[in-house]
Number of protein chains: 2
Amino acid sequence: MTIHPTDQATAGAARRPTRQRAALAELMSTTSEFLSAQDLHAKLQERGDSVGLATVYRNLQAMAADGDVDVLRTDDGECVYRSCGTEAHHHHLVCRECGRTVEVEGPAVETWAAEVARQNGFSDVTHTIELFGTCTSH
Amino acid sequence: MTIHPTDQATAGAARRPTRQRAALAELMSTTSEFLSAQDLHAKLQERGDSVGLATVYRNLQAMAADGDVDVLRTDDGECVYRSCGTEAHHHHLVCRECGRTVEVEGPAVETWAAEVARQNGFSDVTHTIELFGTCTSH
DNA sequence: AACTCACATGAGAATGGTTGTCAACAAGGA
DNA sequence: TCCTTGTTGACAACCATTCTCATGTGAGTT
Ligand SMILES: [Mn+2]
Ligand SMILES: [Mn+2]
Ligand SMILES: [Zn+2]
Ligand SMILES: [Zn+2]
């Protein structure tokens, strides 16, 4: 059984620069909400920088593996991506109405997670912590 | 945009008791790991209490809506269900090797989540907090 | 610049968990 | 027993994501 793979260490295997990845990265850098691969693919098409859907998926995965973008799953199982301001470990407070996202840190929650894991003898612990709510604009 | 629906309050609309739901509930009450709908469907078949796959899905959703079972998504997007010991709000520490699950509470983390939301002016806040690791049997 | 070659791309097919359809069933009140 | 209505199950349909593979393109090398 594998509920949550450990696919961490993705040593920087020289990725080749392409127009497609550049366009995607540029688009994401100017967007603050979490968007799905399909959303991004559509926006690229509107904008003229047409990129194949499979390529969007592949690059998003690569960028996520490299830690360049954050991923989370919507309630209906769709993956959504976002280019965050910091490379450091953090979590998100997302508006479920408009997608507005705030990056949050929680030293307390980090130590809590580590402590709980230790007390139960678990090792190689990772965690998923996301907050959802309704922002002030609603 | 809807990243995380608020589908909470599902007033107890009298659900009609059936052999199928009983078999499913019974199976889940004797299982401690998180299992997928397909896993459960297969186990029911082995055991003789054959139940249609669609029915398994429907009942799991109903049970989840009623708060009778907990749901979480595996890394590959599959929903997995578990009948927990308590009805009270809690989280999980799951072994990614064998699925062994420990129910954990975190008053500190609850207040942290609420506080972060308040500071950013978000309302109707919910959170997703799950811990994954490797248990002592590995 | 021409040559090479491994990596990247894209159009479309395939995958697979989940949901929809709808006729046959069955719980429970009249 | 009869009716009404929620429930079931076999199978089709959905749809996000992955796979396939022929073609394209970085970037060294000569
Ligand atoms: Mn953290
Ligand atoms: Mn909590
Ligand atoms: Zn909002
Ligand atoms: Zn284990």
Q) Taking CG from A:Leu60 and C1' from D:dA16, how many angstroms apart are they, rounded to a whole number? A) 13 Å
Q. Side-chain N or O of B:Gln61 less than 4.0 angstrom from OP1 or OP2 on C:dT18?
A. no
(Q) Determine whether a donor-acceptor pair (one donor, one acceptor, N or O, separation below 3.5 Å) exists between the side chain of A:Arg58 and the base of C:dG10. (A) yes
Q: Report the distance from atom CZ of A:Arg21 to atom P of C:dC7, rounded to the nearest whole Å.
A: 13 Å
Q: Report, as yes or no, whether the 6.0 Å neighbourhood of atom CD on A:Glu105 holds more than 12 heavy atoms from other residues, nucleotides or ligands.
A: no
Q: Tell me whether the OP1 or OP2 atom of D:dT17 has a side-chain N or O from A:Tyr57 closer than 4.0 Å.
A: yes
Q) Counting just side-chain N and O atoms, does A:Arg19 come under 4.0 Å of either OP1 or OP2 of C:dG10? A) yes
Q: State whether B:Thr55 places a side-chain N or O below 4.0 Å from either non-bridging phosphate oxygen (OP1 or OP2) of D:dT7.
A: no
Q | side-chain N/O A:Gln20 vs C:dG10 OP1/OP2, d < 4.0 Å | A | yes
(Q) So, does B:Asn59 get its side chain near the phosphate of D:dT7, meaning an N or O under 4.0 Å from OP1 or OP2? (A) no
Q: Among the candidates D:dG6, D:dA16, C:dA8, find the nucleotide nearest to the side-chain atoms of B:Arg16.
A: D:dG6
(Q) It should be established whether A:Thr18 places a side-chain nitrogen or oxygen under 4.0 Å from OP1 or OP2 of nucleotide C:dT9. (A) yes
Q. Can you tell me if A:His127 and A:Glu110 form a side-chain donor-acceptor pair at under 3.5 Å?
A. yes
Q. Can you check the A:Leu53 CG to D:dT17 P distance for me, whole Å?
A. 9 Å
Q: Whole angstrom is fine here: how far is it from CG in A:Asp49 over to P in C:dT9?
A: 14 Å
Q: Just compare C:dT18, C:dG10, D:dG9 and give me whichever is closest to any side-chain atom of B:Val51.
A: D:dG9
Q) Is the A:Phe34-A:His92 ring centre distance short of 6.0 angstrom? A) yes
(Q) Checking side-chain polar atoms at under 3.5 Å, does B:Arg118 have a donor or acceptor matched by the opposite partner on B:Ser123? (A) no
(Q) If I take atom CD in residue B:Gln38 and atom C1' in nucleotide C:dT19, what distance separates them, rounded to the nearest angstrom? (A) 12 Å
Q. Looking at the side chain of A:Pro17, which of D:dT17, C:dG10, D:dG26 is the nearest nucleotide?
A. D:dG26
Q) Atom CG of B:Asp76 to atom C1' of D:dT17: distance rounded to whole Å? A) 11 Å
(Q) Can you give me the closest heavy-atom contact between A:Phe122 and B:Cys135, atom names plus distance? (A) CZ-CB, 3.5 Å
